[in-house]
A.B. asks: 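Handing you this structure, nothing more for now.
What you see is a predicted model, and the numbers here were worked out from it, not measured in a lab. Convention: sequence-line order gives letters A, B, ...; per-chain numbering from 1.
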Amino acid sequence: MSEHILVAVAWPYANGPRHIGHVAGFGVPADIFARYHRLRGNRVLMISGTDEHGTPITLVADKEGTTPQAIADRYNKIIGDDLYNLGLSYDTFTRTTTANHYAVTQDIFRTLYERGYIIRKETLGAFSATTGRTLPDRYIEGTCPICGYDEARGDQCDNCGSQLDPTDLINPRSKVDGQPPVFKPTEHFFLDLPAFAEQLRTWIDQQHHWRPNVRNFSLNFLKDLKPRPITRDLEWGVPIPLPEYVHRDDKKIYVWFDAVIGYLSASIEWAINRGDPDAWRAWWQNPDARHFYFMGKDNIVFHTVIWPAMLLGYGAGGQFGAHPGGKYEGIPLQLPYNVVSSEFLTMEGKKFSSSRGIVIYVNDFLSRYDADALRYFLTIAGPENQDTDFTWAEFVRRNNDELVATWGNLVNRTLTNVYKNFGQVPQPGQLTAADEQLLEEVTTGLETVGDLLAAARFKAALSEAMRLAGQVNIYLSEQEPWKVIKQDRERAATIWYVALRCVDTLKIIFTPFLPFSSQRLHEYLGYDGYIAGPLLFREVTEADGRTHRVLTGEYEQWVGRWEPSALPVGQTLRPPQPLFKKLDEQVVEDELARMQSRATG
RNA sequence: GCCGGGGUAGCUCAGUGGUAGAGCAAACGGCUCAUAAUCGUUAGGUCGCGGGUUCGAAUCCCGCCUCCGGCACCA
């Protein structure tokens, strides 16, 4: 009955710290989904890591006079800490500069090459005159041959909108150092996407459970498929596993090609690290396993078209896919079951921009506010179906008027009353119709919220959870146990017992969204153990002696279950504290001023 | 230009054929156990504009206006 669920989360790029828009799009929704399925008793494997190759990282390294690896190390650490502090419960959050990832990437490249899905082609490339490195089209600017705009980019003119080729530009120059680029022929490898067009079309066409824009966008993309380059003239990347290239340091596998392979390599690493090297196959070569990918809308086609094409081409082949004589022999790797794409978050009405100071980094945010407050906002008001705006005023309002007032206050008023008057879960008397009805409504709500979560409808799920908390507040207002207790202690005990049972069930309902406060509530209610945690870092040593840090957790020890409360009568409560902090209105002004000083400073 | 998405109450957003919704903001009232939190009542929209299909349209079709993304060697 227990299902294998792969939660594949987009890989954050390690050229800087990540802002809250990044985690809004994939990190938080993926974690809510993973936590729900674990509570349900399903076998979840949630994997990701930092994406550490590519030109942007080499540019940061050049600027600081250090190596790309040093930059990747720094931001892998910062990003990993951010995700830990947000409570994102990865089974493995690793990185793309591991020996394991190189091996898996090269195996896929080699296998696709041998099967004829990777083709060689000579192209004209642009190189920096000073460093000899490839210059991506967007790092070249010059005068537009069509409209004469003198800051047109190599790929497009922002003035007239024309699609350009870098060789079209008049007086082309590098945006990095101002020098004219050198154009010379260079051989590259291309993934033969058109070879998979029919298979992909048939497959995507059947995915009616995808969000409509994901499916439509992908089908449309298939109409004009071209072979796509998967190598670059760059020293920073995974070596091309062919004898004439493997030792060259001027041509590597292109970063996007290795990044998507991370989903597979991180799964394999997870299995190796737990001492059961074939364990990943229960997700990847099990036809009943379901794979859910979480990312921003800019990444859709990588997950619906390109990565599936790679998986189709690889099948059950290569060094990792084959399982000679084993249970999974000949079973091809699983395609995505659902691709959950989010829209974008904006900041006070503008696009996030590190250079312009319109940004709030995760670590900065969490230094002043709680992770659960951020998780609440990003879920209830996040870019699930359309672009949404983060404003400090709205953050403070949602925190104070919704999270604190509705759920936090329900917990607080219930716990303080019971703790003060009984000190333990009171013995109820005969339940009235109103009592039964409320318990029934909350129990039904557990299923409703669960169904919404399973369908990746996070905003609707959290709204329903909040509505249920409101129902319990209404119940208390009607029953007035603080009055009843003056004449009828047994009836008051019954009312508080009912409220506690509801709070205990709501604790489970809120756990995927608000893991930190749910754990505290769990303890106030007198329970022991981790309802859903904790996360931990583990230092991993590979065969070549190098070490790296992995974010993981002991999720098999969670005591939480997606089931209605079975709160034992007589259980001793612990002294309660408010679950959430109310924020002063002054926060809005302070944060806007802080942003203003970043923008001008 | 091409492709995609949005335009619903003052604000933020739900709602894919069957009498227009939620939260907040507003007005009034109740309660006072609780982080002055809570509960109730009221008010508030020709669902961007025009046309069409239908017994019936925010929802389907056509046209238009407007905003926002993507357009591939960016990850």
A.B. asks: For RNA chain B, which residues of residues 481-495 of chain A approach it to below 4.0 angstrom with any heavy atom?
C.D. replies: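 Correct list: W482(A), K483(A).
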A.B. asks: What string of B, S and - do you get for nucleotides 20-26 of chain B, 5' to 3', if B is base contact, S is sugar-phosphate-only contact and - is no contact with any protein heavy atom under 4.0 Å?
C.D. replies: ---SSS-
A.B. asks: Going by the rule ring pair (Phe, Tyr, Trp, His ring centres under 6.0 Å), which residues pair with W482(A) if we only count those two or more places apart in sequence or in a different chain?
C.D. replies: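 Expected list: none.
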A.B. asks: Near RNA chain B, under 4.0 Å by heavy atom, which residues of residues 410-419 of chain A?
C.D. replies: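 Output list: N412(A), R413(A), T416(A), N417(A).
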A.B. asks: Who pairs with A259(A) by side-chain contact (heavy atoms from CB on, under 4.5 Å), at least two apart in sequence or on another chain?
C.D. replies: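 So A259(A) forms a side-chain contact (heavy atoms from CB on, under 4.5 Å) with D51(A).
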A.B. asks: Name all residues meeting the ring pair (Phe, Tyr, Trp, His ring centres under 6.0 Å) criterion together with Y117(A); count only those two or more places apart in sequence or in a different chain, and write none if there are none.
C.D. replies: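 Once residues adjacent in sequence are excluded, the partners of Y117(A) under the ring pair (Phe, Tyr, Trp, His ring centres under 6.0 Å) criterion are F196(A).
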A.B. asks: Taking ring pair (Phe, Tyr, Trp, His ring centres under 6.0 Å) as the definition, give me every residue that meets it alongside F109(A), ordered by chain and number, with sequence neighbours left out.
C.D. replies: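 Listed in chain order: F189(A).
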A.B. asks: Strictly by side chain to side chain donor-acceptor pair (under 3.5 Å), give each pair with a member in residues 483-495 of chain A just once, sequence neighbours left out.
C.D. replies: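 Side chain to side chain donor-acceptor pair (under 3.5 Å) check on residues 483-495 of chain A returns D435(A)-R491(A), Q479(A)-R491(A), E480(A)-K483(A).
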A.B. asks: Which residues satisfy the ring pair (Phe, Tyr, Trp, His ring centres under 6.0 Å) test with F93(A), sequence neighbours excluded?
C.D. replies: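 Result, ring pair (Phe, Tyr, Trp, His ring centres under 6.0 Å) vs F93(A): Y90(A).
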A.B. asks: Could you go through nucleotides 6-10 of chain B and list every protein N or O atom that sits under 3.5 Å from one of its N or O atoms, giving the distance for each pair?
C.D. replies:
none

A.B. asks: For residues H22(A) and Y13(A), establish whether the separation of their ring centroids is below 6.0 Å.
C.D. replies: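 Not under 6.0 Å, so no.
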A.B. asks: Sequence neighbours left out, what pairs pass salt bridge (Lys or Arg N to Asp or Glu O under 4.0 Å) with at least one residue falling in residues 453-465 of chain A?
C.D. replies: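 Listed by first then second residue: E464(A)-R467(A).
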A.B. asks: Starting at the 5' end of RNA chain B, write a dot or bracket for each base, bracketing those in Watson-Crick or G-U wobble pairs whose two distances are under 3.5 Å and using | for partners on another strand.
C.D. replies: ((((((((.[[[[.)..(..]]]].(((((.......))))).....[[[[[..)....]]]]])))))))....
